[in-house]
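Note sheet for the following structure.
Since the model is a prediction, treat every value here as computed from it, not as a measurement.
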Amino acid sequence: MTTKSKERKYGLAEYSRFFVSSFAGSILNPNLFLQSQAQGFGQLIAVALRLLEGPAEAIPPRRVRTPFDGRWKVLNGGTTKQSSHSWDLLSQRYAYDFVVEGDDGRTYRGDGRRLEDYHAYGRPVLAPADGVVIQLVDGIRDYHRPGHGWVDWRTRDIRGNFVVIQHDEHVYSLIAHLQPGSFEVREGDRVTQGCVIGRCGNSGNSTEPHIHFQLQDRRSFFLSIGIPVQFSRSIVERRAPGVEQAAERRYVGVVEQGDYVEAASSADTGEEDHGAPPLTRVGVRDLFSSLGSCGAGVVLAVVLVRFVAKVLGFVQS
């Protein structure tokens with residue numbers, strides 16, 4: 001979940017920090033190590049279950065409102081393999097990361113060293129549709145070093161503070177990286193579309209304050225398959241490559257990486273153009289991809305166990 005802004009260009013140093021801190025977390029932090037294994041094996045189970053159900057049917061999109069008010073930018077996410085947040089992680093295939101930019105094109109004020117410098121930090125996060133809060137995790141700190149590639153390798157959950165809302169029998173939304181202590185709902189609460197859930201933070205695996213949003217077909221983050229998203233009554237600015245000014249502003253249901261999106265007000269009278277994302281199917285290719293992820297996880301686990309065994313042997317000698 002690295003971020004790039006107009007002024008702060010992420011280069012080798014920032015990407016190196018992201019890799020080092022992420023790798024350190026997956027090796028030295030037992031919680032993150034287990035979660036990385038759960039992601040790989042969970043996706044394998046999810047794909048296998050889907051294939052066992054019979055001929056793979058296309059995953060239909062679900063229409064919801066944006067989980068925020070105001071104008072936000074799609075930092076990561078899209079409907080194709082090239083633009084996807086994480087194409088080979090099926091639960092996050094149609095996930096989005098949203099940030100807020102100022103008039104200068106930056107996501108922060110000043111030098112961006114403080115969390116409060118970021119335009120997204122502390123902004124309300126809203127329920128995308130009616131539903132029931134079935135899972136909520138709070139109490140995870142906001143990482144205090146935003147904007148330089150570092151992530152909190154000591155966090156106990158990659159999602160940070162997050163909420164899962166059940167909207168239908170097989171439709172759940174996950175909103176992650178919220179501010180600790182900002183939740184205005186509890187598990188078991190029934191929420192209505194647009195009500196305030198909490199506030200944007202920088203908890204978990206996050207390089208700067210942003211919202212991670214996805215729809216999934218099961219409660220479990222690790223055992224689910226992502227659902228394509230259509231944002232209802234949303235206005236999108238889409239910029240042509242290499243063009244600074246907004247190329248077009250229109251109602252649309254599907255957003256891609258680099259788009260600016262905001263919820264349309266009742267006063268907006270533009271015609272709705274709910275473009276549908278290309279329907280995808282879970283297939284054998286996804287099964288092999290999941291097997292590859294599991295294999296990598298097993299190798300990492302074996303290497304880690306052998307390293308720990310050698311260290312303990314050295315200490316005892």
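Inter-residue side-chain proximity for Arg219 and Ile134 is flagged as met; some heavy-atom pair is nearer than 4.5 Å. The shortest side-chain heavy-atom distance between Ile165 and Val132 does not fall under the 4.5 Å cut-off. At a threshold of 4.5 Å between non-hydrogen side-chain atoms, the residues Thr107 and Val100 do not count as touching. Counting only heavy atoms from C-beta outward, the side chains of Leu136 and Phe183 approach each other to under 4.5 Å. At least one side-chain heavy atom of Ile158 sits less than 4.5 Å from a side-chain heavy atom of Leu32.
Counting only N and O atoms by type, the side chains of Glu101 and Tyr260 include a donor and acceptor under 3.5 Å apart. Defined by atom type and a distance below 3.5 Å, a donor-acceptor pair is present between the side-chain atoms of Tyr121 and Asp142. Looking at Gln179 and Ser203, their side chains never bring a donor and an acceptor atom within 3.5 Å of each other. For the 3.5 Å distance criterion, the side chains of His212 and Asp97 qualify, holding a donor opposite an acceptor. No hydrogens or angles considered: nothing links the side chains of Thr66 and Glu262 as a donor-acceptor pair under 3.5 Å. Between the side chains of Ser83 and Gln257, no donor N or O sits under 3.5 Å from an acceptor N or O.
Between Ile211 and Trp72 the shortest heavy-atom distance is CD1-CH2, 3.5 Å. Of all non-hydrogen atoms in Pro146 and Pro209, the two that sit nearest each other are CB-CD, 4.2 Å. Pairing each heavy atom of Phe162 with each of Ala176, the nearest pair is CB-CA, 3.8 Å. Looking at every heavy atom in both residues, Leu178 comes nearest to Gly198 through CD2-CA, 4.1 Å.
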Exercise. Can Gln214 and Ser173 be said to form a side chain to side chain donor-acceptor pair (under 3.5 Å), step by step?
Worked result: CA-CA 6 Å; Gln214 66 184 59; Ser173 63; over 6 Å; no
For this session: Quick one: do Glu256 and Val74 satisfy side chain to side chain contact (heavy atoms under 4.5 Å, CB included)? Show the steps, please.
Result: CA-CA 7 Å; Glu256 299 287 346; Val74 181; over 6 Å; no
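Contacts of Phe222 classified as ring pair (Phe, Tyr, Trp, His ring centres under 6.0 Å), with partners at least two apart in sequence or in another chain: none. A search for side chain to side chain donor-acceptor pair (under 3.5 Å) contacts involving Gln35 returns Asp157, not counting sequence neighbours. Remark: Arg109 engages no residue in a side chain to side chain donor-acceptor pair (under 3.5 Å) (not counting sequence neighbours). Under the ring pair (Phe, Tyr, Trp, His ring centres under 6.0 Å) criterion, Tyr172 pairs with no residue, sequence neighbours left out. For Arg218, there are no salt bridge (Lys or Arg N to Asp or Glu O under 4.0 Å) partners two or more places apart in sequence or in a different chain.
Taking CG of Asn161 as the start and OG1 of Thr155 as the end, the distance is 8.0 Å to the nearest 0.5 Å. How far CD of Gln92 is from OG of Ser224: 8.5 Å, rounded to the nearest 0.5 Å. Expressed to the nearest 0.5 Å, how far CD of Gln43 lies from CZ of Phe41 amounts to 12.5 Å. How far OG of Ser206 is from CZ of Arg159: 14.5 Å, rounded to the nearest 0.5 Å.
A salt bridge between Asp152 and Arg141 is present, with a side-chain N of the basic residue lying under 4.0 Å from a carboxylate O of the acidic one. In this structure, Asp88 does not pair ionically with Lys81, as no charged nitrogen and carboxylate oxygen lie closer than 4.0 Å.
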Hey, can you pull the donor-acceptor pairs under 3.5 Å for the side chains in residues 122-130, sequence neighbours left out?
unit_1, atom_1, unit_2, atom_2, d
Arg123, NE, His119, O, 3.1
Asp130, OD1, Gln193, N, 2.6

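Phe213 has its ring centre no less than 6.0 Å from the ring centre of Tyr96. Residues Phe68 and Phe98 place their aromatic rings such that the two centres sit under 6.0 Å apart.
Classified by interplanar angle (parallel below 30°, tilted 30° to 60°, perpendicular above 60°), the ring pair His177/His210 is tilted.
Clustering ILVMFWY residues whenever any of their side-chain heavy atoms sit less than 4.5 angstrom apart, transitively, puts Ile175 in the very cluster that holds Val185.
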